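Below: one structure, written as structure tokens.
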Amino acid sequence: MATPINLKELSKQEVRFTAGHRLCAGCAAPIVVKMVLLAACDYPVVVASSTGCLEVSSCISTYTAWKVPWIHNAFENAAATLSGVESMYRALKKRGKIDKDIKFIAICGDGGSYDIGFQSLSGAMERGHDMLYVCYDNGAYMNTGIQRSGATPTFADTTTCPAGVVIPGKPQQRKDLTRIMAAHGLPYVAQASPSHWPDLMKKVRKAIEISGPKFINIFTPCNRGWRSRTDDAIMLSRLAVETCFWPLYEVEEGITRITVKPRDKRPIVEFLKAQGRFKHLFEPGKEKMIEQLQEMIDKNWERLLKEEEMTSPKDEGNE
Amino acid sequence: MTKIVAVTGNEAVANAFRQIEPDVCAAYPITPQTELMQRFAAFVSNGQVRTEMILVESEHSALSACVGAAAAGGRVATATSSQGLALMWEILFIASGLRLPIVMPVVNRALSAPINIHCDHSDAMGARDSGWIQLWSENAQEAYDNTIQAFRIAEDMNIRLPVMVCYDGFIISHSIERIEYLEDEIVKNFVGEYKPLYPLLDVENPKSYGPLILTDLYHEVRKAHSEVYKRVPKVVLEVAKEFEKISGRKYELFENYRLDDAEIGIVILNSAAGTTKDVIDEYRERGVKVGLLKPRLYRPFPYEEVANALKNLKAVCVLDRADAFGGSFGPLYLDIAASLCNFSQKPILINRIYGLGGRDFMPEHAAEVIEELKDIAQTGKIIKLKEYIGVRE
Ligand SMILES: Cc1ncc(C[n+]2csc(CCOP(=O)(O)OP(=O)(O)O)c2C)c(N)n1
Ligand code: SF4
Ligand SMILES: [Mg+2]
């Protein structure tokens with residue numbers, strides 16, 4: 001029987017990502033990793049990671065924080081690498097050399113997923129490998145020092161697109177990787193946040209039980225890059241959900257369902273003001289920029305609500 | 001019982017793959033390799049092998065998937081040419097650094113720009129320092145034989161390194177030749193069961209692959225890695241000996257063709273060696289003491305053995321089917337020169353670049369070089385150290 005997703009039962013499970021890793025204090029990445037692995041606690045798993053903060057901090061010289069088999073190949077190829085592992089699993093199963101039920105999970109940064117690893121991710125998903133790809137999205141290339149990525153929010157200050165007098169942080173919109181993955185026609189795609197851990201873990205659990213390629217994008221605060229307090233990771237994750245900056249939803253077989261609908265949608269300014277990367281938006285004369293951001297978020301949220309309504313299965317027999 | 005057939009080089013190597021039946025193969029099309037994996041894919045589709053094919057979206061992913069599959073714990077192969085190999089470059093070093101026994105035929109083709117689909121050796125030469133073992137093959141028979149031996153060499157417990165099997169694009173990959181196939185059972189027994197080492201799929205004994213190692217230990221790790229290559233020639237020779245028993249065909253680290261009493265010599269890789277040997281035979285009939293050295297194990301390069309074979313000659317021309325731009329010599333020349341540089345007795349060396357982008361290497365080109373070597377042996381004078389031959393004026 002599957003382990004129920006409640007604190008009492010989960011607290012009895014082995015934590016398969018140990019303490020002693022060298023991620024920053026207050027980093028949300030290890031929290032996300034532990035939640036993902038705990039949700040998958042009923043299975044042996046093999047994990048692949050792309051180069052990035054999580055990877056460089058979790059396996060150094062002869063030390064490893066991974067209590068599961070883990071592979072890091074390069075920055076842009078975790079999906080291809082894991083597709084190789086999964087193919088070998090099927091090959092050896094076919095030959096009767098392995099009989100266990102093993103699950104395959106990639107855990108990669110936004111740079112390794114939205115940008116340089118995009119092709120590898122898209123290819124592996126299109127080929128239909130039985131794997132769950134988790135992107136821990138901290139909105140920049142953090143490992144190399146907070147450079148802009150395709151996931152960086154509009155107007156955020158990064159080291160390659162710093163908020164200057166002429167260019168006010170990142171001018172472009174974020175790439176919506178979750179929707180792009182949904183457009184691959186995958187059996188399961190979702191967005192999650194560590195603030196809503198039962199939702200996150202249920203999504204991982206659901207994905208693990210579905211065979212084929214799955215994608216979950218997880219909001220992952222980085223205090224170092226966001227210029228926020230070290231104890232704000234969960235607060236910021238919650239604000240991202242409640243402002244609808246990071247809606248929690250899933251797309252299962254083409255049906256979109258918003259899994260957590262904020263009772264009172266909070267203004268984006270609350271999310272922005274807790275982060276130094278948006279500090280420049282609070283200078284006099286920049287009010288328009290915050291309004292602009294609010295409009296973008298409202299538009300996306302409206303679109304998502306419509307998508308949910310459009311795709312929801314109608315009870316056709318009922319006139 | 002061997003079976004004699006008339007097939008292309010690609011077909012022969014695809015047949016070797018069928019006989020070996022790797023657990024996982026990744027494939028991406030590129031001329032002139034494409035036909036090899038197409039033929040193999042047909043074996044998969046028709047149920048003649050149980051191999052899992054990964055039809056990736058790029059060569060970068062092909063090799064990345066091979067790294068994952070090999071680390072998972074089974075037999076793995078892929079193949080490529082030219083731009084495909086160039087795109088894999090980053091992962092070549094990771095495959096060797098992680099000591100993963102992947103076998104990859106490289107069907108040699110020129111590099112862009114300008115784009116050209118025909119043979120030269122720029123692709124594999126660009127990867128010669130990537131830590132892969134390289135076996136070079138004169139003809140389809142050698143490509144077939146080297147492919148079979150490559151799995152044994154790669155998977156040897158004292159080595160565990162990836163291997164490239166190089167053969168000339170179109171000239172060998174697409175020309176039909178007479179080949180002796182070994183029986184399926186004989187090949188299967190020769191290659192044997194795959195022995196996994198620290199497989200990722202052993203979930204009870206979790207291993208981490210691909211750590212970060214900084215200034216404290218990286219230097220030591222690389223030094224230890226370099227030691228592995230010293231063990232390669234011995235294993236290559238042992239595997240060749242066993243292969244001779246099942247095939248009757250003898251393989252060494254390089255082919256020594258009429259070198260023992262030679263005064264002048266040619267060093268050349270792959271298919272052009274065949275043409276050159278014919279011309280050497282003609283000169284020998286006329287009493288000219290000329291011989292040829294054809295490297296087979298090009299990486300790791302058997303410096304000592306090669307130097308011993310060449311040091312007593314008077315003049316040697318190294319023919320490179322790739323240039324190293326920027327005023328330097330062709331890559332093969334550099335290795336031969338490095339092998340000989342510390343001997344007090346050594347031949348005069350010249351370097352000729354031939355056959356780029358599929359330009360034919362004709363018997364008259366070999367003759368031209370031999371004539372020049374005769375002069376150099378007589379006069380001790382070099383007119384040109386490095387030059388292109390076969391250039392249209
Ligand atoms: C091919 C290649 N280009 C660049 C790098 C340098 N690099 C290493 S990690 C990294 C950023 C990782 O960003 P992300 O995937 O978002 O993970 P994060 O560090 O933010 O967790 C970069 C640019 C690299 N290792 N390989
Ligand atoms: S820089 Fe950010 S993502 Fe990287 S370890 Fe520190 S807090 Fe985590
Ligand atoms: Mg990032």
Side-chain angles (χ1 to χ4, degrees), chain A residues 16 22 43-51 55-95 97-98 100-104 106 117 119-124 126-127 129, chain B residues 21-26 28 49-76 78 90-91 93-95 97-98 100 102 193-194 196 198-214 216-218 220-221:
Chain A
R16 295 190 281 181
R22 299 193 209 166
Y43 294 99
V45 298
V46 177
V47 174
S49 297
S50 54
T51 312
E55 168 271 322
V56 294
S57 311
S58 61
C59 183
I60 306 178
S61 289
T62 50
Y63 301 98
T64 183
W66 299 93
K67 287 190 157 187
V68 295
W70 175 82
I71 183 164
H72 158 243
N73 185 346
F75 186 18
E76 64 295 82
N77 62 0
T81 305
L82 197 61
S83 75
V85 180
E86 186 263 355
S87 298
M88 182 57 78
Y89 170 67
R90 278 184 288 116
L92 296 183
K93 254 202 160 166
K94 206 156 58 180
R95 296 189 191 209
K97 291 188 178 178
I98 201 163
K100 285 201 178 59
D101 199 2
I102 302 175
K103 303 291 180 186
F104 299 91
Q119 171 184 320
S120 167
L121 167 59
S122 175
E126 182 270 332
R127 292 193 298 275
H129 294 279
Chain B
E21 205 184 350
D23 296 301
V24 170
C25 266
Y28 195 81
V49 291
R50 290 165 295 176
T51 305
E52 280 292 329
M53 283 289 268
I54 316 180
L55 302 172
V56 281
E57 82 298 333
S58 72
E59 288 89 352
H60 194 284
S61 284
L63 193 55
S64 299
C66 285
V67 164
R75 187 165 281 148
V76 177
T78 184
E90 182 196 28
I91 312 304
F93 291 77
I94 295 174
L98 292 176
L100 298 172
I102 299 161
E193 273 288 297
Y194 182 81
Y198 308 125
L200 270 181
L201 292 174
D202 179 4
V203 287
E204 262 102 55
N205 299 290
K207 296 285 180 295
S208 288
Y209 272 79
L212 170 79
I213 301 186
L214 296 175
D216 52 347
L217 279 175
Y218 185 90
E220 287 67 27
V221 168

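None of these values were measured; they are calculated from a predicted model. Here is how names work: the chains are called A, B, and so on, in the same order as the sequence lines, proteins then strands, and each is numbered from 1.
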CZ-CG distance between B:R75 and A:L92, expressed to the nearest 0.5 angstrom: 11.5 Å
Of B:L217, B:L212, B:I94, the largest count of non-hydrogen pairs under 4.5 angstrom with chain A goes to B:L212
Leading residue by heavy atom contact count with chain B [cutoff under 4.5 Å; candidates A:S57, A:P44, A:S61, A:A91]: A:S61
Count the heavy-atom pairs under 4.5 Å between each of A:K97, A:E126, A:K100 and chain B, then report the option with the highest count. A:K100
Which distance, rounded to the nearest 0.5 Å, do you find between the CG of A:L121 and the OG of B:S61? 10.0 Å
Top contributor to chain A interface from B:L201, B:I213, B:N205 [non-hydrogen pairs under 4.5 Å]: B:L201
Using 0.5 Å steps for rounding, measure from the CG atom of A:N77 to the CG atom of B:L63. 9.0 Å
Any side-chain heavy atom of A:E76 sitting closer than 4.5 Å to one from B:H60? yes
Please state whether the side chain, the backbone, both or neither of A:I98 comes within less than 4.5 Å of a heavy atom of chain B. side chain
Determine, stepwise, if the pair A:K94 / B:D23 fulfils side chain to side chain contact (heavy atoms under 4.5 Å, CB included). CA-CA 10 Å; A:K94 206 156 58 180; B:D23 296 301; over 6 Å; no
Toward chain A, the part of B:A71 with a non-hydrogen atom under 4.5 Å: side chain
Contacting moiety of A:V68, where chain B heavy atoms sit under 4.5 Å: backbone
Are B:V76 and A:M88 close enough that some pair of their side-chain heavy atoms sits under 4.5 Å apart? yes
If you define the side chain from C-beta out and look only at heavy atoms, does anything of A:P69 sit under 4.5 Å from B:V203? yes
Does any heavy atom of chain A fall under 4.5 Å from the side chain of B:L55, the backbone, both, or neither of them? backbone
Compare all side-chain heavy atoms of B:E57 with those of A:S120 and state whether any distance is below 4.5 angstrom. yes
Side-chain H-bond candidate by donor/acceptor type, B:S58 with A:Q119, under 3.5 Å: yes
Answer with side chain, backbone, both or neither: which region of B:P196 has an atom nearer than 4.5 Å to a non-hydrogen atom of chain A? neither
Other residues, nucleotides and ligands only: do more than 12 of their heavy atoms fall within 6.0 Å of OH on A:Y43? yes
Under 4.5 Å from any heavy atom of chain A - which part of B:E220: neither
What are the two closest non-hydrogen atoms of B:G68 and A:I71, and how far apart are they? CA-CD1, 4.3 Å
Residue A:L82 versus chain B: region with a heavy atom under 4.5 Å: neither
Enter the distance from B:L200:CG to A:Y89:OH here, rounded to the nearest 0.5 Å. 14.0 Å
Are more than 12 heavy atoms from other residues, nucleotides or ligands located less than 6.0 Å from atom CZ of A:R22? no
Under the side chain to side chain contact (heavy atoms under 4.5 Å, CB included) rule, what do B:I54 and A:H129 come out as? Steps first, then yes or no, please. CA-CA 10 Å; B:I54 316 180; A:H129 294 279; 3.9 Å; yes
For the candidates B:C66, B:S64, B:P211, B:A72, which exhibits the highest count of non-hydrogen atom pairs separated by less than 4.5 Å from chain A? B:S64
Can you tell if the side chain of A:T64 reaches within under 4.5 Å of the side chain of B:K207, non-hydrogen atoms only? no
Heavy atoms of A:K67 and B:P206 approach each other most closely as O-CG, 3.3 Å
What is the distance from atom CD1 of B:I91 to atom OG1 of A:T81, rounded to the nearest 0.5 Å? 7.0 Å
Side chain, backbone, both or neither: which part of A:E55 has a heavy atom under 4.5 Å from chain B? side chain
Closest contact, heavy atoms only, B:E52 versus A:S87: CG-O, 3.6 Å
I need the minimum non-hydrogen distance between A:W66 and B:S208, along with the two atoms involved. CB-OG, 4.0 Å
